Number of protein chains: 2
Amino acid sequence: MKNFETMSYDELLKEFKGILKANALKFTKQRETILSTLYNNPKHFTSECLYLLVKQKHPELNIGIATVYRTLSLLEENGLVSSISLGAQGKKFEIANKPHHDHLICSECGKIVEFENEQIERLQQQIAEENGFILTDHLMQLYGICSECQKKKEDGD
Amino acid sequence: MKNFETMSYDELLKEFKGILKANALKFTKQRETILSTLYNNPKHFTSECLYLLVKQKHPELNIGIATVYRTLSLLEENGLVSSISLGAQGKKFEIANKPHHDHLICSECGKIVEFENEQIERLQQQIAEENGFILTDHLMQLYGICSECQKKKEDGD
DNA sequence: ACCTTTTTGATAGTGATATTCATATCTTAC
DNA sequence: GTAAGATATGAATATCACTATCAAAAAGGT
């Protein structure tokens with residue numbers, strides 16, 4: 001898979017158009033708007049949340065929720081967007097123009113901190129090999145209480 | 001949270017009764033049967049799958065799917081069972097009387113291999129600390145293709 | 001601009017899980 | 001052991017996130 005790290009929006013868009021052409025798919029306002037919204041808001045969106053934002057910022061498009069789901073799947077399949085499944089809080093998407101990273105999540109306030117650790121990645125690779133697996137992906141989420149919420153708790157007591 | 005590792009069934013049951021009493025909940029045949037079924041079948045169940053097994057083994061209970069969901073939630077909230085969310089293949093539950101472990105999952109056939117790696121655990125702890133978090137939990141799932149599915153793919157081509 | 005193909009939004013459908021409610025079952029107090 | 005008061009149950013229904021369907025609209029090669 002291509003590496004989209006630190007790509008500018010123009011480069012990303014060019015990449016997207018290439019993918020569309022290669023698959024005989026069409027470049028539409030809706031698809032472009034979803035991509036640019038994700039690019040300009042580098043945070044974690046649920047499908048619903050992204051739908052509401054696009055609807056609000058671009059009412060003339062009259063975008064449908066189905067298109068958001070379809071486009072997110074398309075983008076994810078082609079590696080332009082990545083997703084994480086947070087149990088109760090649903091599935092969240094983010095633009096994949098950042099280096100690979102995992103997530104540290106505050107159970108109290110939902111704050112997400114991104115991190116990256118090569119040593120863990122190597123160990124994961126090793127574990128997969130030891131079990132005869134070809135590693136294709138992984139999910140690592142650390143849950144805890146962030147410093148702010150720790151303070152709040154102390155004050156509360 | 002209490003540590004339920006390598007607990008015998010009697011101990012587990014005593015623990016469960018204690019939890020029920022503490023919350024003014026009742027000890028019922030259904031709840032007991034679900035706990036014992038999980039204990040005696042140390043594998044990963046979907047709710048549906050567990051429902052079918054209990055229904056088959058204990059037809060006299062005439063258990064309802066709603067009770068299975070309710071009981072699994074209750075057990076999970078109290079740490080007696082743990083779950084993992086596999087995107088497409090649903091949520092799976094297992095009894096939590098085993099040492100802590102993570103999961104290596106085959107994306108093709110859904111096979112789950114359990115593993116444990118102290119070095120990764122230590123690194124996770126360290127990452128949380130560096131970010132000012134108190135680590136309470138983590139989720140680590142490695143996705144790949146198991147050796148059997150690798151063979152099948154080769155034969156198919 | 002035309003013609004073919006793909007995309008769209010609205011709507012209905014799906015599957016997993018949650019809720020409702022009348023009845024059944026448990027626990028406690030006696 | 002039994003009655004009284006509580007919670008739990010199963011069946012049915014509702015909900016939620018997501019997917020499929022379909023007629024109308026838009027894209028893009030010519």
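Chain A is the first sequence line, chain B the second, and so forth, proteins listed ahead of strands; every chain is numbered from 1. Only heavy atoms go into these numbers, but all of them, side chains included; no hydrogens, no water, no symmetry mates. As the structure is a prediction and not an experimental result, all values here were calculated from the model.
Under the 6.0 Å cut-off for aromatic ring centres, B:Tyr39 and B:Tyr9 qualify, their centroids lying closer than that. The aromatic ring centroids of A:His100 and A:His138 lie less than 6.0 Å from each other.
Taking atom CG on B:Leu20 and atom C1' on D:dA6, their separation rounds to 15 Å, with Å as the unit. For the pair B:Tyr51 OH and C:dA16 P, the computed distance is 13 Å after rounding to whole Å. Remark: C1' of D:dA8 and CG of B:Asn23 are 15 Å apart, rounded to the nearest angstrom. The CD1 atom of A:Ile34 sits 11 Å away from the C1' atom of C:dT8 (whole-angstrom rounding). The distance from atom CD of B:Glu77 to atom P of C:dT17 is 15 Å, rounded to the nearest whole Å. Atom pair B:Leu50:CG and C:dT17:C1' shows a separation of 15 Å (rounding to whole Å applied). Here D:dA17 presents its P atom at 11 Å from CG of A:Leu52, a figure rounded to the nearest Å. The distance between atom NZ of A:Lys17 and atom P of D:dG29, rounded to the nearest whole Å, is 12 Å.
The stretch residues 55-74 of chain B touches DNA chain C through B:Ala66, B:Tyr69, B:Arg70, each having a heavy atom under 4.0 angstrom from the strand.
Look at B:Thr46 and you won't find any side-chain N or O under 4.0 angstrom from OP1 or OP2 of C:dA16. Considering only side-chain N and O atoms, A:Lys29 lies nowhere under 4.0 angstrom from the phosphate OP1 or OP2 of C:dT8. Between B:Arg31 and C:dC26, a side-chain N or O to OP1/OP2 separation shorter than 4.0 Å is absent. The side chain of B:Gln30 places an N or O atom within less than 4.0 Å of a non-bridging phosphate oxygen (OP1 or OP2) of D:dG10. Residue A:Thr28 places at least one side-chain N or O under 4.0 Å from the OP1 or OP2 atom of C:dT8.
Between the side chain of B:Thr136 and the backbone N or O of A:Tyr143, at least one donor-acceptor pair lies under 3.5 Å.
The closest side-chain donor-acceptor pair between B:Glu11 and B:Ser8 falls under 3.5 angstrom. Neither side chain, A:Gln141 nor A:His103, offers a donor N or O lying under 3.5 Å from an acceptor on the other.
Side-chain atoms of A:Lys26 come within donor-acceptor range of the base of C:dT5, with a qualifying N/O pair under 3.5 Å.
Here B:Lys91 pairs with B:Glu76 in a salt bridge; the nearest charged N to carboxylate O distance falls below 4.0 Å. A salt bridge between B:Glu118 and B:Arg122 is present, with a side-chain N of the basic residue lying under 4.0 Å from a carboxylate O of the acidic one.
Nearest-nucleotide mapping onto DNA chain C: of A:Leu25 and B:Ser47, the residue sitting toward the 5' end is A:Leu25.
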